[in-house]
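Chain A is the first sequence line, chain B the second, and so forth, proteins listed ahead of strands; every chain is numbered from 1.
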Amino acid sequence: MTELVIFSLLNGLVTGLLLFMLSSGLTLIFSMMGVLNFAHASFYMLGAYFAYTISSYIGFWPGLIVAPLLVGLAGALVERYGLRHVHRHGHVAELIFTFGLAFLIEEIVQFFWGRATKDYSEPELLHFPLFTLYGQNFPAYKAFMILISIGIFIGLFTVLSRSRIGLIIQAAITHPHTVSNLGHNVPLVFMGVFGVGSALAGLAGVIAGPALGTFPGMAFVLGSIVFVVIVVGGLGSLPGAFVASLLIGWLQTFAIALDWSVNDLLDILGVSFDADHVLRDLWTLSLPQVAPILPYILLILILIFRPTGLMGKRET
Amino acid sequence: MSVTRRAAVAATLGLALAMSAGAQAADSIKIAFIDPLSGPFATTGESGLRSFEFAADVLVNHKGGVLGGRMFEIVPLDNKISPKESLIQLKRAISDGIQYIVQGNSSGVANALTDAVEKHNKRNPDQRMLFLNYSAVDPALTNEKCNFWHFRFDANADIKMDALTDAIAEDQGIKKVYIIGQDYSFGKAVAAAAVDMLAEKRPDIEIVGNELHPIGKVKDFTPYATKIKSSGAQAVITGNWGADMVGLGKAIIEAGVDAPIYTYYGAHDGITATFGELGEGIIRSIREGTLNPPTPEFKALNDAFKAKYPDNDINQPRIFNTIAMLAMAIEKAGTTDPVKVAYALEGMEYDTIMGGKVWMRPSDHQAIQDVHISVHTNKDIVVDADNSGYGLKDEKTVTMAGKDSPTSCEMTRPDA
């Protein structure tokens, strides 16, 4: 049991921090531009595929730097030559634009790289178990993922709270028009934020690709959960996104690890039912079975009882 | 000289025959390939189509065709892996006068097709067709749902599980087994068969986990791997395929689980390359057709295939058996009439290119063949997968697996 708890804590931390890297960019983009960027997870996938191709020529480490830059550039271009034009037609048009973009990127990825899983793997240097506890390995690569994510969190937080550009971004989140009236180039800030947000998603893809697999469905499996994170955390709130990411990371890993079922709960309460009861399927439901829907239940509860999210200031 | 003369005679004879029989005889024999060619499962479908076209060319067309010069033509029909689309494509095949259809991906589709073909044949006795199933492994298709028109060329899920559990039962060191699979009919069937057969063969083995996960939606398999590790499992059984197979396999190995992982689909289509050295000696696949060590004939066939499709592998040997046996049956029947061809297929024995025999069991139209447990390795690999240097090497072979397995099939046979 101790072993399960310790490793679930670690696994949840890895998942949570990965989610944070995705959601930090998304929450900034959403709160500044009002765009629910459906293509955000697609940039994550692009990051993994770029890094896969780069790593096959010049190795993993250059890919770690180059791939996110390329994805960031792609993001900035999308904002400058796509989204900015669509922006005039309102949020619905933007929403549909990013929705279409997500499909487009997926098709492009399949066109160039094919549909099969790619053998993008961690560098030799990190290919060893960092430590072994109760006979279970914790790969060094996972620790590396944790380090990178925490580094990003600290870097992002410092930039946003300590630098001048951070001040403008923070102001633009809540009062975009005032910032624009003060003479700041808000479209440029938008492009920058979109680019950096995409680059962060790309970086997440670069480091997640070897661990979670590089395949055309990778954006889809992570895409929806990222929206849950930003809503639960509160829009525009970086600390909120951080807390919500970890919360959902642990929620999912613990739900899979703990084999509790409704039956156990009823046993504790001293209630029992016949084996052939009509609702028998409901009694035998176990936590791992419902694990995939738990984040969405949380999403709905948050929207009902705390529409601003855990740390947000604006209504969703 | 004599060769040329004989050829000349044959050519004249062939010409005369073709002229006498009219345009009909020179027509190609069309085989409708109904499988996904778009959408998420297109990789598998395309790989099957490639093999069918290659097999038809190499085994039939380049050898002069059947019935004195009629060629096989594969007609690809995309069913998007949906039973509904499949029935629409079946109608198209019927209206084109196609007499043979092949399909393999998804037992759900196969179940719909076998019903539709049976109904069609009952209503249109003058335009019957055969359903050659090369990959759908739901046991029901050759048991309660069997019919005269359906032939299965792959070993069914129960036969495979029988061989797999035999391998586990032989290893006295294995006391704890973990079963994990995708949450849908096939994943459940694998789990149920594993539980039943292990209980029968080795009652002392404890099933330490029997788990289903959402199909295609799990982003990180590490939590499952943690559970598997802490359960103390000494062997893992999974029916996972595609990205779910890669994710699960990698997570289990990385967690330090030192146990063989028995899979149905743990190789090829990028999976072998992704496992690489990580899966060495751990990932095992249960399959038909020996890839390593290859027979000289298979080596030659594979070289020819690789020359044409350098990025792909021959990963479904049963496709070659399907085409070869269909050609033999048509020659034996002397006609393409589906009823006569079906009777010719029944009980047919065929020596495969990969070595070993295939026997089409008459009672249920289930092909009985050798089933192999092969291991993912880079040692002694002649025919590798994904050009990775890694491949599957036979570890254990069950000769004519499931030869005496019971079947509940009671088919009605038409008059020949």
Side-chain angles (χ1 to χ4, degrees), chain A residues 1-8 10-12 14-15 18-19 110 113-122 127 129 132-139 141-142 208 210-218 220-225 249-250 252-259 286 288-289 291-293, chain B residues 38-47 180 183 209-232 242-258 268-278 311-312 386-388 390:
Chain A
M1 195 65 205
T2 337
E3 143 184 34
L4 262 185
V5 171
I6 292 173
F7 274 91
S8 296
L10 284 169
N11 295 334
V14 176
T15 313
L18 186 71
L19 282 178
Q110 292 190 8
W113 285 280
R115 293 185 175 91
T117 305
K118 290 291 161 205
D119 55 332
Y120 175 36
S121 49
E122 51 272 84
H127 198 94
T132 307
L133 208 64
Y134 300 101
Q136 193 147 170
N137 292 340
F138 188 72
Y141 189 74
K142 292 271 162 86
L212 308 183
T214 308
F215 55 101
M218 64 187 292
F220 173 77
V221 294
L222 217 60
S224 50
I225 203 88
W250 279 321
Q252 285 194 314
T253 39
F254 275 102
I256 291 168
L258 304 172
D259 265 323
S286 67
Q289 277 178 299
I293 58 164
Chain B
S38 65
F41 299 101
T43 330
T44 331
E46 277 164 8
S47 140
I180 180 163
D183 196 357
N210 187 353
E211 184 144 353
L212 297 169
H213 64 77
I215 173 170
K217 290 204 181 70
V218 178
K219 56 182 181 304
D220 185 4
F221 279 96
T222 319
Y224 294 102
T226 306
K227 257 172 105 174
I228 293 171
K229 175 70 194 175
S230 65
S231 72
D244 283 345
M245 180 63 242
V246 179
L248 179 70
K250 274 189 94 171
I252 293 177
I253 297 166
E254 269 168 6
V257 179
D258 185 23
H268 295 281
D269 292 331
I271 296 178
T272 302
T274 313
F275 280 136
E277 61 166 315
L278 209 58
D311 296 333
N312 298 291
D386 304 331
N387 300 323
S388 63
Y390 285 83

Cut-off 4.5 Å, heavy atoms of chain A, and the answer for B:Ala251 is neither

One option among B:Gly209, B:Ala255, B:Ala243 has the most heavy-atom pairs under 4.5 Å with chain A, and it is B:Ala255

To the nearest 0.5 Å, atom CG of A:Asn11 lies from atom OG1 of B:Thr226 at 4.0 Å

So, do B:Lys219 and A:Thr15 sit near enough that their side-chain heavy atoms are less than 4.5 Å apart? yes

What one should report as the nearest heavy-atom pair of B:Gly256 and A:Asn137 is CA-ND2, 3.2 Å

Carefully, step by step, assess B:Ser388 and A:Asp119 under the rule side chain to side chain donor-acceptor pair (under 3.5 Å). CA-CA 10 Å; B:Ser388 63; A:Asp119 55 332; over 6 Å; no

Rounded to the nearest 0.5 Å, the CD atom of A:Gln252 sits from the OG1 atom of B:Thr222 at a distance of 11.5 Å

The interface call for B:Leu212 against chain A, heavy-atom contacts under 4.5 Å, is neither

When the 4.5 angstrom heavy-atom criterion is applied to A:Pro129 and chain B, the contacting part is neither

Under 4.5 Å to a heavy atom of chain B? For A:Phe138 that would be neither

Highest number of heavy-atom pairs under 4.5 Å with chain A among B:His213, B:Glu46, B:Glu254 belongs to B:Glu254

Under 4.5 Å to a heavy atom of chain A? For B:Lys227 that would be both

